[in-house]
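So the structure is just underneath, and the comments pick up after that.
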Amino acid sequence: MSTSTEDGTVLLNKRTGHYWQVNLTGAHILDRLLAGDTADDIATDIAAHYDIDTTHVRADITALTDNLLGARLVEPA
């Protein structure tokens, strides 16, 4: 379960009652992943938008998805 906030998105694991909050960038990444975009495409777009290194953005996306998977808030496709 998820709810958008002015600061990002709050995700709730209904089985455990644990929740996470992701910032606006994290929410954007999650929305795009759920829409079917690849992590590489998202990283390229974010890196170009903010003029930062794609490798760093890709590592951040991997960390986000690993944490969400570990918390059982999302499931692999």
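Throughout, numbering of the chain's residues begins at 1 and tracks the sequence. Not measured: the values here are computed from a predicted model.
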Flag side-chain contact, heavy atom, 4.5 Å: D60 against I46: no
Joint cluster assignment, V22 & Y50, ILVMFWY side-chain distance < 4.5 Å: yes
statement: Those residues at least two apart in sequence (or on a different chain) that pass salt bridge (Lys or Arg N to Asp or Glu O under 4.0 Å) with D53 are none
- request: Find out if a path of hydrophobic residues (ILVMFWY) with successive side-chain heavy-atom gaps under 4.5 Å connects I61 to I52.
  value: yes
- prompt: Linking I/L/V/M/F/W/Y whenever their side-chain heavy atoms sit closer than 4.5 Å, directly or via other members, would W20 and L30 fall into one cluster?
  reply: yes
- prompt: When hydrophobic residues are tied together by side-chain contacts of less than 4.5 Å, even through go-betweens, does V57 share a cluster with L24?
  reply: no
- prompt: Taking all atoms of both residues into account, what is the closest heavy-atom pair of N13 and R15, and its distance?
  reply: OD1-N, 2.9 Å
message: I need the H49 NE2 to T44 OG1 distance, nearest 0.5 Å.
response: 14.5 Å
- request: Could I get the full list of side chain to side chain donor-acceptor pair (under 3.5 Å) partners for T65, not counting sequence neighbours?
  value: none
message: Applying salt bridge (Lys or Arg N to Asp or Glu O under 4.0 Å), can you list everything that pairs with R32, at least two apart in sequence or on another chain?
response: D37, D45
- line: Of all heavy-atom pairs linking L73 and L12, the shortest is CD2-C, 3.7 Å
query: Hey, what do you get for OG1 (T25) to CG (N23), rounding to the nearest 0.5 Å?
result: 5.0 Å
task: For L33 and A39, work out which heavy atoms get closest and say how close.
output: CD2-N, 4.0 Å
message: Within the 4.5 Å heavy-atom criterion, are T16 and R72 side-chain neighbours or not?
response: no
